[in-house]
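All residue numbers in this chain count up from 1 along the given sequence.
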Amino acid sequence: MTSPEAKAILGPDIKVYWGIQAPEYSQRYGPDDYSDEADIEKLQSEEACKQAVLKTLSSMVQEAKTRNFDSIIKIRSFLGEQFAPAATDVECQLNKKTASVTLRSSLASKK
C-alpha cells in the first residue's frame, strides 16, 4: 500500500487499514470479497501478483467512492475460504495464464 501505484489509486480521499485493526467509524458496509487478476504471460509471477493486488485495490476504492465511504478497513487476503496466516500477507493464486488475488474488507466512514 506504500507503493506509488497504490498511493495513486487511493488518492487523498481514501484511507486503508490492513489486518484486524481499524479506527472507530460511524458507518460501515461489508465485509465483501474483491477479486481481480493479471496476465502472467507478460509479467514475472511476483509482478503479476502485484498488478492483481493493485487492480483489486482499485475495485475496492471505486466502490468506496460510489457508496460515499472514506476508508477501507480490515483488509485481509482471502484464498480458498481461508484468511492468510498473517493479517498483512497477501496470497496470490497462479496458474499458467493469470495471477489472481482475493481481498476481503469492509467500507467505513468516520463522518
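Between Ile9 and Leu57, the shortest heavy-atom contact is CG2-CG, 4.1 Å.
Separating the CG atom in Asp70 from the CD atom in Gln27 is a distance of 9.0 Å, to the nearest 0.5 Å. Considering OG of Ser100 and NZ of Lys55, their distance stands at 11.0 Å, rounded to 0.5 Å. Note that the OG atom of Ser109 and the CZ atom of Phe69 stand 6.5 Å from one another [nearest 0.5 Å].
Applying the salt bridge (Lys or Arg N to Asp or Glu O under 4.0 Å) test to pairs two or more places apart or on separate chains, those with a residue in residues 95-105 are Asp33-Arg104. Evaluation of the disulfide (SG to SG under 2.5 Å) test over residues 8-55, restricted to residues two or more places apart or in two chains, returns Cys49-Cys92.
The other members of the hydrophobic cluster of Ile40, by chain and number, are Leu94 (side-chain heavy atoms under 4.5 Å, ILVMFWY only).
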- Message: If you apply the rule side-chain contact (heavy atoms from CB on, under 4.5 Å), what do you find for Val101 with Asp36, and how did you get there?
- Response: CA-CA 6 Å; Val101 171; Asp36 217 319; over 6 Å; no
- Query: Ser105 and Met60: side-chain contact (heavy atoms from CB on, under 4.5 Å), yes or no, with the steps?
  - Reply: CA-CA 8 Å; Ser105 68; Met60 294 163 54; 3.3 Å; yes
- How far apart are the C-alpha atoms of Leu10 and Val61, what are their side-chain angles, what is the distance that settles it, and do they pass the side-chain contact (heavy atoms from CB on, under 4.5 Å) test? CA-CA 7 Å; Leu10 294 170; Val61 167; 3.6 Å; yes
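Here Arg28 pairs with nothing under the salt bridge (charged side-chain N to carboxylate O under 4.0 Å, His left out) rule; sequence neighbours left out. Taking the side chain to side chain donor-acceptor pair (under 3.5 Å) definition, one finds that Gln93 meets it with nothing, sequence neighbours left out. Annotation: side-chain contact (heavy atoms from CB on, under 4.5 Å) contacts of Gln62 (sequence neighbours excluded): Thr66. With sequence neighbours left out, Thr98 forms a side chain to side chain donor-acceptor pair (under 3.5 Å) with Asn95. Qualifying salt bridge (charged side-chain N to carboxylate O under 4.0 Å, His left out) partners for Glu63, counting only residues two or more places apart in sequence or in other chains: Arg67. Partners of Glu5 by side chain to side chain donor-acceptor pair (under 3.5 Å), not counting sequence neighbours, listed by chain and number: Ser3. Applying the side chain to side chain donor-acceptor pair (under 3.5 Å) rule to Thr102 yields the partners Ser35; only residues at least two apart in sequence or on another chain are considered.
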Mind listing the side-chain donor-acceptor pairs of residues 71-87 below 3.5 Å, one per line with the distance, residues two or more places apart or on another chain?
{"residue": "Arg76", "atom": "NH2", "partner": "Ala84", "partner atom": "O", "Å": "3.3"}
{"residue": "Ser77", "atom": "OG", "partner": "Glu91", "partner atom": "N", "Å": "2.8"}

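Residues Val53 and Val16 share a single hydrophobic cluster, defined by chaining ILVMFWY side chains whose heavy atoms lie under 4.5 Å apart. Tyr17 and Leu103 are assigned to two separate hydrophobic clusters, defined by single-linkage of ILVMFWY side chains at heavy-atom distances under 4.5 Å.
Under the 3.5 Å distance criterion, the side-chain polar atoms of Thr56 are matched with a main-chain donor or acceptor of Ala52.
At a threshold of 4.5 Å between non-hydrogen side-chain atoms, the residues Val90 and Trp18 count as touching.
Residue Glu41 places its CD atom among more than 12 non-hydrogen atoms of other residues, nucleotides or ligands, all under 6.0 Å distant.
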